[in-house]
Amino acid sequence: MAEERRGSWFGFGFCGFGQALGSGRGRQVHSPEPLRTPGAGADVRRVSASWSYTAVVTRGGQVQLSGAAGGAAGGCRDAWASEALLVVLRAGPELQAWAPACALRGEPLWTHTLVPEAEGADGAGAEAQAAALPLLPGARAYVSPRPPFYRPLAPELRARRLELGAEHALLLDEAGQVFSWGQGRHGQLGHGTLEAEPEPRLLEALQGLPMAEVAAGGWHSVCVSETGDIYIWGWNESGQLALPTRSLAEDGKTVAREGTGELYTWGWGKYGQLGHKDTTSLDRPRRVEYFVDKQLQVRAVSCGLWNTYVCAVERGES
Amino acid sequence: MAEDHREPLAGAGALRETLRALLPHTKEELVPELGEKVERSVVRLLWEAAELFCGGCWRECLQASEAILDYSWEKLNTGPWQDVHKDWRRVYAFGCLLKAVCLFEEPGDAPAVAAALKACDMGLLMGAAIHGDILIKVAAVLQAHLPSGKRPGPGPAQEQPSMKKAREDPVSVPDVALERPVPRLRCPSLQHFRKQFLVPGRPVILEGVADQWPCMTKWSLEYIQDIAGCRTVPVEVGSRYTDEDWSQTLMTVNEFISRYIRSESRDVGYLAQHQLFDQIPELKQDIGIPDYCCLGDGEEEEITINAWFGPQGTVSPLHQDPQQNFLVQVLGRKYIRLYSPQESEALYAHETHLLHNTSQVGARGPRVTLQILPPIPGDQAGDRSGFLQVDVENPDLEKFPKFAEAPFLSCVLSPGEILFIPVQYWHYVRALDLSFSVSFWWS
């Protein structure tokens, strides 16, 4: 999920459904292009991209959809896009799950009213530190694209961040510990086996190394330590793990990482989602030159299934 | 193949006619029936692709079909294979069909047709049947029109197939005379077979039953390459499938023969447990079905026929199958050992695990059979590392002392012979030569 930072947004990769992604020429964009959101330019706070559509949340509280799903609505703090469900967090606070196709008109599929005092219990307001979907404010639960949609989390977990892969989940807690659960057949859970885990299980291999960020691809997991080291595990089908592969076959997931405002990408590149002006897959990180050439510092990244959205500011801005 | 010529194939016109006659003509007929599991966005893309297809916009349709393939492929890799909804496999097959025809239409040269054939095979291996097995028909048409030699292969150093035979190392042939032999019968009556072997669950070798099948005289490496050389098949790589570095991969039959049969490969490659005869109906003409299968409860269509094709030295560790099995030997010899299910304790079978095959590449389903695998602390099913295993021909009797006492039957199965392996009967198989077997699983 991308966090709110002021700056301009860019996109590259698959846009075969006409989702807002630069010019959207020819169903794929291979190099970053400025995002063209349905509502004029503005003030994009958050981007959540599913395969066939993208949801953009503006600072003014509007959520705008583009691609296979269209429409817009106001009074939104956060949105999370998946093929099955569009989840929107509205003032209330109320959680709503919509069928993407209904363009935010009519009735949502279900709603869940959140307890107002539960949010900000630690003093955190609607700031950048606030939990981002699919983690709910208050970190007592998260939302899933498959039923049951509302999933409680044990309070002792003190979740700071939660990310969902195709069939697993990663959780980062306040102490910088990482937990994982779900299916493990590709090693994406990181517990040293291929077994599934029904409940969040602590990653013992990372004990003693506080993590600052976690992210999940389809079948792999990434985390960054407070000292800036990256740890990746899971399926290395297209080089996502930045380890040499025997052959770069199709498929895998893009992983993007921020450097000192520099963006590096690697993994599956068939739809241009790596942003290197081509469609080759890579098994080692490569800098996206577009941002360097344009003197832009990358502030936030949001990965869709086959595309990438980046927020950047001009160098020199704070 | 000269890659610089982007020439259409000779006879492409006739080929185009044949293909078009096979396919539905309207997009309504083209898009398969699908249930709710398939998301609306995907259905929309399918209709778009179908419209492009019917409009003859091959390049755009190819792009759309790639997206269909990539998205459904991800669904095929989510969750255990047996839980993957059939509709996603239909979507995948549909993507393969469109891709194959688009590649053929444009650019339509030999490499494109080879890629089109590969797309058909991927659809057959991973997808589910649509439009009455249309992929099999399309594949057959494409294959028939590939340039003669049917080997769009790389490299100037093309081996002369008739000259270079399979490599043969000196092999340890067990002295079966010292072991209790599997009984042999020549063409027993159905009654006799049922009463003496099927009902009591006793193994037997049937002679004179399959020895006149066409495969016995027709099949050779050259013939197999001719009929199936450019077709993509699943291959198991590694000494045995309980090893840590065992894996499955896909390659053409030509690549398999060149890499694992004709040349000195460090790894063992085995084209194992694959329903080759569904994929290539022409080969099915060369085999029969043992009459004794009619003694079972099932229909003939329900009989699973698998090909087992590999070099000398392939090993299937001791395991059980949930159905009756006729193992027909066509090429080469196999050493086979059989242990009764009553001996399961001496085989340490009560502590077995289910072995999960995590790779779904090319598999019609995971190769899940019960293994003789005593547990070790902290061991979990699915983790292949550190498994102990009774090596049938070289057992560790300190770890498995009872194994030495377990009685067994053994044989060397030769071309033309059929081994009846009763349901749940433990069996271990090692190929003594380059070998091709055909198994019939029936109930």
Side-chain angles (χ1 to χ4, degrees), chain A residues 13-19 26-28 50-53 65 67-69 81-86 99-102 145-146 165-168 182-189 191-197 217-219 235 237-238 246-247 249-253 268 270-271 273 279 305-307, chain B residues 36-49 52 59-81 83-84 99 118-119 122 237 244-245 247 249-251 353 355-362 366 378-386:
Chain A
F14 176 74
C15 49
F17 289 90
Q19 49 268 68
R27 296 173 162 262
Q28 301 174 8
S50 184
W51 177 61
S52 67
Y53 73 102
L65 308 179
S82 74
E83 287 307 293
L85 281 185
L86 167 67
C102 72
R146 288 182 288 270
E167 43 184 4
H168 76 295
Q183 290 295 321
R185 289 161 317 114
H186 292 292
Q188 62 267 56
L189 298 181
H191 300 302
T193 75
L194 302 175
E195 282 295 284
E197 291 286 339
W219 295 270
W235 198 6
E237 234 277 345
S238 302
R246 271 177 301 198
S247 70
E250 300 190 331
D251 228 87
K253 183 68 179 74
W268 190 43
K270 182 170 170 181
Y271 290 93
Q273 65 264 58
T279 57
L305 198 65
W306 299 347
N307 49 30
Chain B
E36 299 181 337
K37 278 291 182 180
V38 178
E39 294 130 359
R40 284 169 85 129
S41 45
V42 178
V43 175
R44 170 177 145 169
L45 187 56
L46 296 180
W47 282 97
E48 238 179 75
L52 290 166
R59 227 176 287 160
E60 292 89 339
C61 181
L62 183 62
Q63 255 202 336
S65 57
E66 291 279 9
I68 292 168
L69 282 173
D70 288 330
Y71 191 76
S72 55
W73 192 91
E74 294 187 3
K75 295 293 185 191
L76 262 50
N77 279 278
T78 304
W81 178 255
D83 294 349
V84 172
K99 176 173 176 175
K118 167 137 195 186
M122 290 304 292
V237 181
E244 216 177 60
D245 54 2
S247 67
T249 186
L250 296 171
M251 62 185 73
H353 294 278
L355 189 74
H356 289 285
N357 178 358
T358 61
S359 163
Q360 291 159 353
V361 171
D379 185 53
Q380 300 177 54
D383 177 4
R384 291 206 289 276
S385 65

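Letters go in sequence order (proteins before strands), and every chain restarts at 1.
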- Message: Minimum heavy-atom separation for A:Trp219 and B:Glu74, please, with both atom names.
- Response: CZ2-O, 3.4 Å
- Message: Would you compute the distance between atom CD of B:Glu39 and atom OG of A:Ser82 and round it to the nearest 0.5 angstrom?
- Response: 8.0 Å
- Got a second to check how far A:His168's NE2 is from B:Thr78's OG1, nearest 0.5 Å? 11.5 Å
- Check whether A:Ala101 gets within reach of chain B through its side chain, its backbone, both or neither, counting any heavy atom under 4.5 Å. side chain
- Kindly say whether B:Gly79 contributes a backbone atom to a donor-acceptor pair with the side chain of A:Glu167 at under 3.5 angstrom? yes
- Name the option with the most non-hydrogen atom pairs under 4.5 Å to chain A; the candidates are B:Glu60, B:Arg40, B:Arg44. B:Arg44
- Message: Classify the ring geometry of B:Tyr71 against A:Trp51: parallel below 30°, tilted from 30° to 60°, perpendicular beyond 60°.
- Response: parallel
- Considering all heavy atoms, the nearest A:Lys270-B:Asp70 contact: NZ-OD2, 2.9 Å
- Work out which heavy atom in B:Ala67 is nearest to a heavy atom in A:Phe14; give both atom names and the distance. CB-CE1, 4.2 Å
- Are B:Glu48 and A:Arg27 close enough for a salt bridge, meaning some N to O gap below 4.0 Å? yes
